[in-house]
Amino acid sequence: MQFTDFDPDTVCGAKPYHMTNFVSGEWKRSEKCIDVVDPTNGEAFLKMPNTTMEEAEEFITNLNSCPKSGLHNMYKNPEKYNMWGEITSKLAVELDKPEVFRFFARCIQRVAPKDYDQAMKEVMVTRAFIRNFCADQVRFLARSFNVSGDYMGQVSTGTRWPYGPVMVIAPFNFPLEIPVLQIMGALYMGNKVLLKCASMTSLIMQEWIKLMHYCGAPKNAIEMIHCSGCTMGAIVEKAQPRMLQFTGSSGVAEELSRITNGKIKIEDAGFDWKILGPDADDVEYKAWCADNDAYAFGGQKCSAQSILFMHEAYDKTDFLARFEHYAGTRSFEELSIPPVLSHTSADIKAHQDKLVAMGGKVVFGGKAVDGTAVPAKYGLYQPTLVEVPLEQALKPENFPVVTTEIFGPFCVLIRYKEGEIDKVIEMTERMNAHLTAAVVSNDINFVQYVLGHTVNGTTYAGARARTTGAPQNHWFGPAGDPRGAGIGTVEAIRLVWSCHREIISDFNIPKGWSVPARAVDPAKK
Ligand SMILES: NC(=O)c1ccc[n+]([C@@H]2O[C@H](COP(=O)([O-])OP(=O)(O)OC[C@H]3O[C@@H](n4cnc5c(N)ncnc54)[C@H](O)[C@@H]3O)[C@@H](O)[C@H]2O)c1
């Protein structure tokens with residue numbers, strides 16, 4: 001690969017790769033580094049800079065050298081909109097090359113193990129997004145609108161304005177797609193970006209930034225730091241970016257919200273629900289879809305189906321048997337049961353035991369997968385479905401446990417009877433995370449009732465509804481929180497990466513102008 005010396009096919013414990021920060025226009029090592037292990041066998045195959053606060057000063061100074069008016073806007077360096085359009089066109093050409101496409105899919109597989117199908121789809125979505133912003137599309141993205149004024153010479157213009165110095169903090173699970181879609185949006189809108197990705201997977205964006213440079217990206221627009229989460233927290237506190245876009249868990253989101261005084265846009269935890277409605281047909285498709293939503297990439301998607309509400313009509317079908325069948329086709333060998341990077345198998349089992357203790361039962365799965373070299377700090381668990389009775393789940397002492405996000409191949413099943421949909425809706429109302437949801441039914445009255453009483457940001461409706469998939473062509477993000485971010489679309493970029501600035505042009509003082517008379521209260525005349 002011309003733009004890099006990294007080879008995802010040969011890197012291993014015997015031949016580790018040294019990662020570098022990108023700062024002040026150069027790739028630099030830090031004084032200390034930490035080992036990143038291959039999640040499939042525990043070999044220390046990457047050396048990641050463990051950047052200290054002292055070393056981080058350079059990043060903070062560089063970030064804050066960017067004014068609030070950004071690197072470009074419609075009055076300053078407007079040619080940069082074209083420049084980013086050109087760079088994006090070149091990136092699209094590169095991603096069309098099979099070897100570059102595969103390079104990124106393989107890089108993803110090495111640090112966030114998923115089967116090739118899942119890894120390839122991540123690159124596909126990234127490529128489709130890139131294709132959407134070639135040529136003039138970047139300047140169209142930042143388009144303004146005009147409203148005529150009260151008299152000749154006056155026009156108001158609603159512009160999209162950059163924030164200037166901004167940060168992106170990204171999670172491990174979509175190590176290419178999430179940060180690429182966010183940083184490119186930030187750069188298109190004229191911001192200067194400091195990027196930090198999850199330590200386990202930040203290699204991927206290092207490689208992407210090399211590709212950006214190869215395609216002509218200026219070296220002052222984005223810097224990348226590899227460091228621990230807690231060092232990054234201290235950097236955020238010290239640098240006080242004008243805007244921070246965070247994607248990750250809700251606890252960290254709340255902490256960052258506090259230290260940025262709310263200058264944050266959040267994509268946080270997903271506890272995503274799916275409701276199977278009263279029309280229990282097309283069971284084969286729905287069972288296949290349920291397996292995919294719950295267990296693809298081992299359930300490590302923020303959009304994964306965490307809880308499945310099943311109408312009693314499905315009891316007369318073989319839906320659960322077919323769901324179990326599809327889950328049973330998964331294996332560690334093809335990485336369709338991949339290592340779980342944020343829970344151990346013991347953590348998952350402990351959570352399962354709590355559900356069983358409240359009257360739940362394991363429908364399928366429920367055991368760790370043994371006999372592999374996956375390090376003990378990661379989990380490896382069978383695709384698991386645990387049924388909990390609705391009445392138990394609604395109890396205040398049980399509800400928080402039932403609705404805890406397990407970022408692994410773990411799904412809760414709740415059966416409900418005809419006439420009990422309001423109890424299901426009560427559960428969705430009491431949840432804190434409102435990311436994705438699915439109302440699986442072609443009963444229009446049922447679907448509209450559920451849609452009308454719920455809030456999730458990305459909601460799929462209809463017999464073919466899913467919870468995962470999140471392509472670039474529709475909005476993806478939570479609802480019901482003013483800090484909620486979006487990703488992927490024109491609207492998402494405009495909302496997250498620019499603010500509204502109204503410029504009222506008023507150029508024409510008429511000849512012979514005189515001071516207007518002041519109005520007086522007619523009652524006092
Ligand atoms: N809503 C979405 O679009 C979306 C997408 C993907 C993942 N997620 C969520 O992300 C979580 C899994 O990802 P994760 O394990 O990488 O999340 P995480 O919160 O542990 O880490 C996310 C990022 O924050 C950094 N970080 C951790 N502590 C920090 C601190 N104190 N200050 C600054 N940065 C800090 C991490 O290094 C990482 O880069 C799940 O909860 C999942 O639902 C949400």
Side-chain angles (χ1 to χ4, degrees), residues 34 36 39 48 50-51 53 56 111-112 122 125 167-179 181-182 194-205 224-239 241 244-260 264-272 297-306 339-343 347 377-379 403-408 410 431-437 456-458 467-472 474-481 483-488 492 496:
I34 49 169
V36 177
M48 188 195 85
N50 191 8
T51 312
M53 253 333 260
V111 293
E122 184 173 345
V125 170
M167 290 185 186
V168 172
I169 300 181
F172 78 86
N173 60 342
F174 286 93
L176 180 73
E177 179 186 336
I178 291 176
L181 271 56
Q182 292 296 8
L194 174 58
L195 170 67
K196 185 252 187 288
C197 297
S199 307
M200 290 174 281
T201 56
S202 61
L203 167 87
I204 309 294
M205 284 308 287
M224 178 172 193
I225 188 167
H226 303 286
C227 63
S228 70
C230 103
T231 303
M232 193 60 196
I235 294 171
V236 172
E237 192 150 22
K238 180 136 197 224
L244 163 63
Q245 194 285 314
F246 174 78
T247 309
S249 56
S250 299
V252 177
E254 289 305 328
E255 173 62 9
L256 291 171
S257 187
R258 192 186 61 74
I259 63 179
T260 56
I264 191 167
K265 288 278 180 197
I266 296 171
E267 294 262 19
D268 61 347
F271 188 83
D272 308 295
F297 185 25
Q300 297 171 101
K301 301 184 184 184
C302 49
S303 54
Q305 167 192 296
S306 307
V340 176
L341 302 191
S342 35
H343 303 284
D347 290 340
K377 67 173 177 170
Y378 299 133
T403 56
T404 294
E405 181 194 39
I406 294 294
F407 217 46
F410 195 91
M431 291 173 195
N432 287 324
H434 299 294
L435 191 54
T436 73
N456 290 41
T458 303
T467 62
T468 62
Q472 75 302 324
H474 67 61
W475 169 280
F476 184 84
D481 184 338
R483 303 164 303 174
I487 188 168
V496 173

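Numbering of ligands and ligand atoms starts at 1, following listing order. Quantities reported herein were computed from a predicted structural model and do not represent experimental measurements. FYI, side chains are in, hydrogens and waters are out, and symmetry mates aren't considered; it's all heavy atoms of this structure.
Only the backbone of A170 comes within contact range of ligand 1, with a heavy atom under 4.0 Å; no side-chain atom does. Residue L256 touches ligand 1 through its side chain alone, judged by heavy-atom distances below 4.0 Å. Only the backbone of C197 comes within 4.0 Å of ligand 1, judged by heavy-atom distances.
A salt bridge links R483 to E254: at least one charged side-chain nitrogen sits closer than 4.0 Å to a carboxylate oxygen.
Judged purely by atom type and a 3.5 angstrom limit, S306 uses its side chain to pair as donor or acceptor with the backbone of D272. With hydrogens and angles ignored, the 3.5 Å screen pairs a side-chain donor or acceptor of H343 with a backbone N or O of F407. T260 contributes no side-chain N or O that, together with a main-chain N or O of L244, makes up a donor-acceptor pair within less than 3.5 Å.
Residue G270 has at least one N or O atom closer than 3.5 Å to an N or O atom of ligand 1. Between K196 and ligand 1, at least one pair of N/O atoms sits closer than 3.5 Å. At least one N/O-N/O distance between S249 and ligand 1 falls below 3.5 Å. The N/O atoms of D268, backbone and side chain alike, include one that comes under 3.5 Å of an N/O atom in ligand 1. Taking only nitrogen or oxygen atoms, main chain and side chain alike, G229 reaches within less than 3.5 Å of ligand 1.
Within the 4.0 Å cut-off (strictly below), no protein heavy atom is located near atom 21 (O) of ligand 1.
The single protein non-hydrogen atom nearest to atom 25 (C) of ligand 1 is I169 CG2, 3.7 Å, given as residue, atom name and distance.
Residue G233 has at least one heavy-atom neighbour below 4.0 Å for each of these atoms of ligand 1: 32 (N), 33 (C). Interface of T247 with ligand 1, defined as ligand atoms under 4.0 Å from a residue heavy atom, comprises 2 (C), 3 (O), 4 (C), 5 (C), 6 (C), 22 (C), 44 (C). For ligand 1, the atoms closer than 4.0 angstrom to any heavy atom of N173 are 6 (C), 7 (C). Taking every heavy atom of L435 and a limit of under 4.0 angstrom, the matching atoms of ligand 1 come to 1 (N), 2 (C).
Using a 4.0 angstrom heavy-atom cutoff, I178 counts as in contact with ligand 1. Every heavy atom of V236 sits 4.0 Å or more from the atoms of ligand 1.
For atom 42 (C) of ligand 1, the nearest non-hydrogen atom from the set F174, F271, F407, F172 belongs to F407. Distances from atom 3 (O) of ligand 1 to the heavy atoms of E405, E267, E237 put E267 nearest. Counting only non-hydrogen atoms, the option in A269, S250, C302, P175 that gets closest to atom 4 (C) of ligand 1 is C302.
Residues M200 and Y378 are in side-chain contact: their nearest non-hydrogen atoms beyond the backbone lie under 4.5 Å apart.
Separating the CE atom in M232 from the OG1 atom in T51 is a distance of 10.0 Å, to the nearest 0.5 Å.
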